[in-house]
Structures are given as C-alpha cells and as structure tokens.
Amino acid sequence: LLVWSERSPEDIAIVTITPEYPGSRHTGLVSGLRKFTRYFGSALCFTTPGDGPRSPPTLLQTHEDAPGPVSSLSFPEVLDTSVRVSWEEPADRNGIITGYVLWWERTGVNSSRLERSLSNATLQHQLTGLTSVTSYTILVAARTVAGPGRTTASTVSTGVPPELPGAPSNLVISNISPRSVTISFRPGSDGKTAKSQWVVEGQVVKMDGEEEAWKVVYQIQHVPGTQLLEIPDLTPFTQYRFRMRQANIVGSSPLGGPSRLIQTLQAAPDTPPSNLTLLAATQTSLRVRWKPLLDHQFNGSPDAVGYRLRVRRVDGAGKEKLEETRAAAGGERGQAAGSSSREASLEGLDPWTQYLVQIQAFNSIGAGPWSSGVAAHTAESVPSGAPVNVSAEAVSSTKILLKWAAVLGSQKNGVILGYKVLCAEKDSIAPPSVSVVVGERSGTLLFGVLEKYTLYALQVLAYTRLGDGPPSSPVLTRTKEDVPGPPARMVFPEVRLTSVRVVWQPPSNPNGIILGYQISYRLESADPQRWTTVEVGSNARQFTVTGLSPQHNYLFRLTGRTALGWGETQEALVITTERRAIVVEK
C-alpha cells in the first residue's frame with residue numbers, strides 16, 4: 001500500500017500486506033498520518049522479480065479531531081478593570097476551526113470562572129468589568145466539530161486606576177531632509193496605564209514671518225520604548241516648528257512645548273505647471289503658454305528656478321528638442337515666481353507638422369515631473385520636397401506618359417491641392433508649358449501633340465494653398481521616331497537636254513534619324529504609276545539624273561526615310577532644255 005500527502009507527493013508511506021488466500025479482497029491499515037489531511041492512496045502487487053504497476057490513485061481525507069492548543073497567548077493591554085487578550089491559531093488545527101472558547105477566573109477561585117464563545121475570526125478579546133489590582137487566570141481553546149482542543153492558560157494582574165498622561169518634552173530635531181525629520185523626545189508620565197498613541201503637530205512659518213495654524217502632521221500607535229519618531233510627508237524648503245502630545249485610555253496629554261524652528265531641505269518640484277496650451281505662431285514655430293507654479297511649489301530657493309519644454313514630432317521622426325526659460329526671482333507672496341515667464345516660443349520646427357509638447361519645472365536641485373503632452377500643428381507652408389519616383393515613357397512619336405508618386409509626408413507642409421507638370425524641349429529658352437493635376441495622390445499625365453523625335457525635359461511640383469514647392473529633377477525623354485517631313489529647298493541648278501542635277505537640304509522635321517533619300521522621276525505625259533527611282537545615302541545632298549529626253553517635261557519627287565519608313569515628298573516639274581531653266585514646285 002502506498003500513501004502520500006496531496007501537498008508532499010515525494011513523501012510516500014509504504015505498508016506491505018500479506019495476501020489472504022483464497023480470499024479475493026484484502027484489507028490493510030496505514031497509520032501515523034496527519035489529522036484532517038488529504039492523501040492519495042494506491043496499491044500494487046509484487047513478486048520475487050519485482051513490483052507490478054500501481055493502481056490509479058484514490059484521493060482520501062483523514063477525519064477531523066479536536067485542535068491543538070492556541071499559540072502566542074499574550075496580554076498587550078492591561079488596565080485597572082480590563083485586559084486585552086490576544087492569541088494565534090493552533091499550529092495543529094486538525095480540522096476546520098469553528099470558534100474559540102475563553103475562560104477567566106480569579107486565580108485560585110474556581111467558582112468565579114466565566115466563559116465566552118467567540119467566532120473563528122476572533123484572535124483577541126477585551127475582558128472588562130474586572131477588579132483592579134487582582135490576579136486572574138485566563139484560558140483559551142480552539143474548537144472544531146470534534147469539540148474543543150487543549151487549553152492554553154496564563155495569569156495576569158490588573159492595575160491601578162489610570163490617569164491622563166504627561167506631556168512629552170525636550171524635543172530635539174535631527175536628520176533634516178526635504179520631506180522628513182527625526183524627533184527625539186522625553187516621554188511624559190504614562191498615567192498608570194499603557195500609552196496608546198503619539199501625536200505630532202506642526203506649524204509652518206513663512207519666509208516673511210507669518211505663522212500658520214498648528215495642525216496634526218503625524219500620529220502613530222504607541223510602541224513600548226518609543227523615544228524617536230520620523231515625521232514624513234513634509235514640504236521641502238519650508239520652515240517648521242513641532243510639538244507633541246501622547247494619549248492613553250483616559251485621553252490626551254497636554255501639548256508639550258514647541259521645538260526650535262527648522263527648515264526642510266530643498267528638493268526638485270513635485271508637480272508640473274498646469275494649463276499647458278499651444279498656438280501655431282508661424283510655419284516653423286509654436287507659441288506655448290502655461291500657468292506658473294507658486295513660490296512654494298518650486299520646493300527650493302526662487303533664485304534658480306525655471307521651466308523646461310520638451311517638444312517632439314508625433315510621428316516619431318527627428319530628434320526631440322529641449323528649451324529652457326528662467327523664472328524671475330522674488331515673485332509676490334503666493335503668486336507665481338517669474339509670472340512674466342508664462343509663455344515661450346519654440347522655433348526651428350517643421351511646417352505643418354504635429355508636435356507633442358510637455359513642460360516641467362526645475363530648481364537648483366533637479367527637475368520635477370513632466371506634464372501630460374499637448375499636441376498642436378505648426379502653420380501650413382509650401383511643400384519643402386518634390387514628388388518622388390518621377391518617370392516618363394514615350395508612347396508614340398507625339399505622346400509621353402509621365403508618372404509620379406506623392407510628396408513624402410514630412411515634406412508636404414500642408415494639404416497638397418494638386419501638382420503642376422512642367423514640359424519643355426531640352427535647351428529651349430522658351431518658358432515650359434504648365435499642366436495642372438488636381439488631387440493629393442500619386443498621378444499620371446499623358447502629354448499629346450508633342451514634336452516628333454524630340455527630347456523633352458519634364459518636371460513635377462506639388463502645391464498647397466500657400467504656393468508651389470520645388471520641382472523634381474528634370475526627366476529627359478524623347479518622343480518616338482516617325483516618318484520624316486519633306487526635304488527642304490529642293491532646287492535644280494543645272495538643267496541640260498539629257499540630264500538634271502537635283503540639290504536639296506534635309507527635312508526641317510526629320511522626325512528621327514534620316515537613313516537615306518529617294519529621288520523619283522517620270523515624263524509628265526507617262527503613266528502616273530511608272531516612276532524611275534534612285535536611292536542615295538543619308539549624307540547625300542545632290543544627285544544628277546541622266547539619260548533624259550531633250551525638250552520634255554519631267555516630274556521629280558524627293559523623300560527621306562527613317563526607321564519607320566519613307567516620309568512626305570517634295571515635288572517639282574522640270575523641262576529638259578538648254579535655253580532656259582524652268583522649275584515649278586507643287
């Protein structure tokens with residue numbers, strides 16, 4: 001048999017049981033367990049080779065019994081006609097404590113015994129109606145459903161009738177800090193009974209000598225032997241006097257004489273200025289206003305006090321900035337030190353940006369806590385940055401598609417109303433054309449009716465209600481090639497009976513790279529579809545046509561070619577003669 005406590009599974013009690021054959025059921029007893037305690041029980045069979053598996057554990061609990069004796073029986077307060085009895089729970093409860101029984105009798109007089117039943121939550125009781133200067137025997141026992149346990153007994157003697165205590169005296173102040181002092185003193189008489197309380201009163205004396213009313217600054221229950229008290233929660237850099245009184249069951253003693261005047265040490269301010277407000281002054285500055293601290297709230301000398309402002313962007317970008325402003329010394333009593341320093345200007349900020357501002361007060365000792373943050377926007381301005389990711393693509397010989405992304409958030413400086421797109425031929429002295437795209441989002445714009453095979457410089461800028469931001473860097477894009485225009489200035493400086501020299505200039509609108517020229521001619525009276533064609537290179541500027549018939553009218557055509565094909569033609573009528581040259585352009 002294996003038994004272990006629910007709380008101590010490693011501490012297993014083992015009992016070996018000899019089987020009773022031929023019976024099929026066996027009984028075993030495990031003793032030495034704790035009362036009213038939960039145990040797990042399990043069984044296993046074993047043979048010579050070893051143990052078999054354990055059975056599933058069963059949770060059991062031992063029965064309740066009467067409890068053990070209560071502990072720490074004491075009498076923390078003994079008066080002439082009453083005694084306060086105190087005790088602690090039994091170490092061995094042996095069940096659920098349902099209450100306590102208290103007996104008392106005059107020592108040696110059993111017939112005077114009295115009894116009182118108390119709840120299980122009661123660990124002290126005040127016995128009253130006793131006779132002064134008399135010895136009493138007091139007994140206490142705990143109770144469970146199994147009955148009361150063993151009693152714990154003690155003897156105590158009541159005292160003489162109490163009186164008011166005497167006043168404490170000889171107050172000495174030491175260990176002066178910003179918020180506390182230590183007071184040593186000589187206790188007054190106890191009034192023939194136990195002291196119950198110490199009460200310390202303080203008086204604030206202002207710098208101009210004005211004395212405030214006395215008020216209680218500290219009180220504590222009496223601890224035997226007390227002759228030293230630490231007084232907390234004082235105000236830094238403040239003049240105090242102290243006086244004391246003590247109390248017992250009868251009442252409070254007279255007040256003792258006041259201590260010497262002392263001043264607590266300086267400390268950092270406890271509170272930040274209040275009513276922090278912000279106003280957008282300009283595009284790069286905020287005006288900050290607040291309610292100053294009163295003189296005493298600085299917790300130090302007014303000669304070295306001031307305010308510190310902390311400002312940072314709400315979006316977390318950039319570094320936080322600190323600005324200080326000094327408060328003027330010698331403010332009127334009760335008024336703000338440095339009442340003229342109720343506002344300050346924060347400069348060098350980014351336009352149209354939300355900032356969070358906090359304020360703290362400081363003195364020569366240190367800084368106080370920061371106030372809650374207040375947010376505000378600087379005023380709107382023109383954008384400080386250009387649209388990003390600007391790209392252009394020629395989609396035909398006369399069209400370019402321009403794309404761009406919005407201005408970075410930190411550079412918008414206001415509400416972007418739209419974009420202006422600047423387009424001009426590269427190196428042109430003419431002002432660029434301007435196209436407006438309304439809206440803040442990323443945009444596209446298709447330029448149409450552009451010059452063919454021409455290099456353009458394209459830029460984009462954003463604008464707010466206050467004006468234009470900087471343009472983006474120029475994006476150079478050339479429109480695609482197309483067939484060329486007609487050659488320029490086609491002339492015939494030499495006309496003979498059987499030959500003609502043709503001279504020309506490249507097209508005014510080449511619309512691409514000229515790869516060559518084509519000269520076509522035929523008799524005016526011949527079939528319109530039958531032309532004699534000659535091709536020459538791109539650098540040719542003249543060509544002589546031979547093998548013509550004298551005194552005949554010829555039609556000449558001249559055209560250029562790019563990668564996209566032959567362009568527009570230039571035509572002329574020429575008469576082969578040596579008497580005169582006639583050129584008629586159509």
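We number each residue from 1, following the sequence as shown.
- No donor-acceptor pair closer than 3.5 Å links the side chain of Thr151 to the backbone N or O of Ala153.
- The minimum heavy-atom distance linking Glu6 with Pro9 is given by the pair O-CD, 4.2 Å.
- In terms of heavy atoms, Val70 sits closest to Ala141 at CG1-C, 4.4 Å.
- Going from atom CZ of Arg260 over to atom CZ of Arg241 covers 12.0 Å, rounded to the nearest 0.5 Å.
- In this structure a side-chain-to-backbone donor-acceptor pair under 3.5 Å is missing from Ser74 to Pro76.
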Run the side-chain contact (heavy atoms from CB on, under 4.5 Å) check on Asp92 and Phe36 step by step: do they pass?
CA-CA 10 Å; Asp92 297 320; Phe36 197 64; over 6 Å; no
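- For the pair Val3 and Ile12, the minimum side-chain heavy-atom distance is 4.5 Å or more.
- Thr137 pairs by the side-chain hydrogen bond (donor to acceptor under 3.5 Å, both in side chains) definition with Thr107, not counting sequence neighbours.
- Of the candidates Val181, Ile183, Val200, Val200 is the only one forming a side-chain contact (heavy atoms from CB on, under 4.5 Å) with Tyr218.
- The residue from Trp290, Trp370, Phe362 that alone fulfils the ring pair (Phe, Tyr, Trp, His ring centres under 6.0 Å) condition with Tyr307 is Trp290.
- The shortest distance between side-chain heavy atoms of Ser364 and Gln266 falls below 4.5 Å.
- With a 4.5 Å cut-off on side-chain heavy atoms, Leu73 and Val85 count as touching.
- Classification of Asp295 and Lys206 as a salt-bridged pair fails, no side-chain N sitting under 4.0 Å from a carboxylate O.
- No option in Val217, Ile220, Val216, Leu255 other than Val216 meets the side-chain contact (heavy atoms from CB on, under 4.5 Å) test with Val199.
- When every heavy atom of Pro383 is checked against every heavy atom of Ile416, the shortest pair comes out as CG-CD1, 3.8 Å.
- By the 4.5 Å heavy-atom criterion applied to side chains, Trp404 and Val421 are counted as neighbours.
- The shortest side-chain heavy-atom distance between Gln126 and Glu77 falls under the 4.5 Å cut-off.
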Show, in sequence, the C-alpha distance, side-chain angles and deciding distance for Leu130 and Trp104, and conclude whether the side-chain contact (heavy atoms from CB on, under 4.5 Å) test is met.
CA-CA 10 Å; Leu130 306 180; Trp104 68 97; 4.1 Å; yes
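- Taken from NZ in Lys291 to CG in Leu276, the straight-line distance is 13.5 Å, to the nearest 0.5 Å.
- Counting only N and O atoms by type, the side chains of Trp352 and Glu380 include no donor and acceptor under 3.5 Å apart.
- From Asp65, atom CG reaches atom CZ of Arg34 across 12.5 Å, with rounding to the nearest 0.5 Å.
- Listed here is the closest heavy atom pair of Asp315 and Arg313: OD2-NH2, 2.7 Å.
- Residues Val205 and Tyr240 fail the side-chain proximity criterion, which asks for heavy atoms closer than 4.5 Å.
- The backbone N or O of Ala66 lies less than 3.5 Å from a partner atom in the side chain of Asn94, making a donor-acceptor pair.
- Side-chain contact between Ile138 and Leu127 is present, with heavy atoms from C-beta onward closer than 4.5 Å.
- Between Asn248 and Asp190, the side chains place no donor N or O within less than 3.5 Å of an acceptor N or O (distance only, hydrogens not considered).
- Nearest heavy atom pair, residue Glu64 against residue Ile96, reads OE1-N, 2.7 Å.
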Going through the checks in order, is the side-chain hydrogen bond (donor to acceptor under 3.5 Å, both in side chains) test met by Asp270 and Asn299?
CA-CA 8 Å; Asp270 295 322; Asn299 293 345; 3.0 Å; yes
